[in-house]
Amino acid sequence: MKIYGGKTYEQMSEKAASVIAAQVIENPRSVLGLATGSTPIGLYGFLAKWYEEKYLSFKECKTVNLDEYCGIGPDHDQSYAYFMRENLFSKIDILPENTNIPNGLNPDAAAECARYDKVIEDLGYADVQLLGLGNNGHIGFNEPAPAFVPGVNHVKLTDSTINANARFFASREEVPKSAYTMGIKGIMNAKKVLLVANGTGKAEILEKALFGPVTPEVPASVLQLHRDVVVCADEAALSVIAKKHPDAVEWFR
Ligand code: F6R
């Protein structure tokens, strides 16, 4: 595992974007596993900028997103499909037919999970899978649980996640209560995992995930068992790790 630390959100976003850019340059037909949330917005900005400046093309790439809320469609401004269009897809030359995201409007959970599992498998898993980190250690929407769930699953969101996401909705009541998410198998089969985190709110959980016991109660801890993980974080998110494991971080500030 490599842990890169930048002083600011801007610096960590640029570093994380450069990991994805290197992948696309190495293989223009890469499968990019993507995430939503506030953390990757900056890195998507860098990818869009580098596309604009003609350093990068995504024309032959395919993408596979981690998750989608249930019960809201791609035109809802809080759906992850909408988020991806707004923050990345509309700003680069990716072909819409090469993008994949669970269908939150499919009421048949078993069918949707099976469909998306097949999508991930048929793509041959991601070359690089981007992950944010939930306040409770979730990755994708794999919430703390008694066991790791391998396949795409229909997950009931925890109160902590609903509270964290309420900031994006008019009221807490409007936050969807469940989601479809890629499971641990899809994430662990990615050839490379890129975990991003910023802000002091992530400092404790980032340390727990990367240095604590591997347990489904902290879903991100499973990444300790992955062969190629790159972490890009800012100084605030690394504050606990920097204290407890000062040699673990490669600072690029
Ligand atoms: C989003 C996702 C979530 C977020 C996590 C962190 O696709 O899978 O696991 O990455 O909740 O969210 P932010 O970045 O908003 O702190």
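When a ligand or atom number is given, it counts from 1 through the structure's own listing order.
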Could you check ligand 1 for N or O atoms lying under 3.5 Å from protein N or O atoms and list the pairs with distances?
residue: ligand 1; atom: 7 (O); partner: Thr36; partner atom: N; Å: 2.9
residue: ligand 1; atom: 7 (O); partner: Thr36; partner atom: OG1; Å: 2.8
residue: ligand 1; atom: 7 (O); partner: Asp67; partner atom: OD1; Å: 2.7
residue: ligand 1; atom: 7 (O); partner: Asp67; partner atom: OD2; Å: 3.4
residue: ligand 1; atom: 8 (O); partner: Asp67; partner atom: OD2; Å: 2.6
residue: ligand 1; atom: 8 (O); partner: Gly140; partner atom: O; Å: 3.4
residue: ligand 1; atom: 9 (O); partner: His138; partner atom: NE2; Å: 3.3
residue: ligand 1; atom: 9 (O); partner: Gly140; partner atom: N; Å: 3.4
residue: ligand 1; atom: 9 (O); partner: Gly140; partner atom: O; Å: 2.7
residue: ligand 1; atom: 11 (O); partner: His138; partner atom: NE2; Å: 2.7
residue: ligand 1; atom: 14 (O); partner: Ser38; partner atom: N; Å: 3.2
residue: ligand 1; atom: 14 (O); partner: Thr39; partner atom: N; Å: 2.9
residue: ligand 1; atom: 14 (O); partner: Thr39; partner atom: OG1; Å: 2.4
residue: ligand 1; atom: 15 (O); partner: Ser38; partner atom: N; Å: 2.8
residue: ligand 1; atom: 15 (O); partner: Ser38; partner atom: OG; Å: 2.9
residue: ligand 1; atom: 15 (O); partner: Arg167; partner atom: NH2; Å: 3.3
residue: ligand 1; atom: 16 (O); partner: Lys202; partner atom: NZ; Å: 2.7

Between Ser38 and Arg167: side-chain donor-acceptor atoms closer than 3.5 Å: yes
Asn165 and Tyr69 side chains, donor-acceptor separation under 3.5 Å: yes
Tell me whether the NZ or CZ atom of Lys244 lies within the 45° cone about the ring axis of Phe211 and under 6.0 Å from its centre. no
Result of checking Lys91, Glu86, Met84 against Leu88 for side-chain contact (heavy atoms from CB on, under 4.5 Å): Met84
Taking 4.0 angstrom as the limit, do Asp159 and Arg172 come out as a salt bridge? yes
Within 6.0 angstrom of Gln78 CD, more than 12 heavy atoms from elsewhere: yes
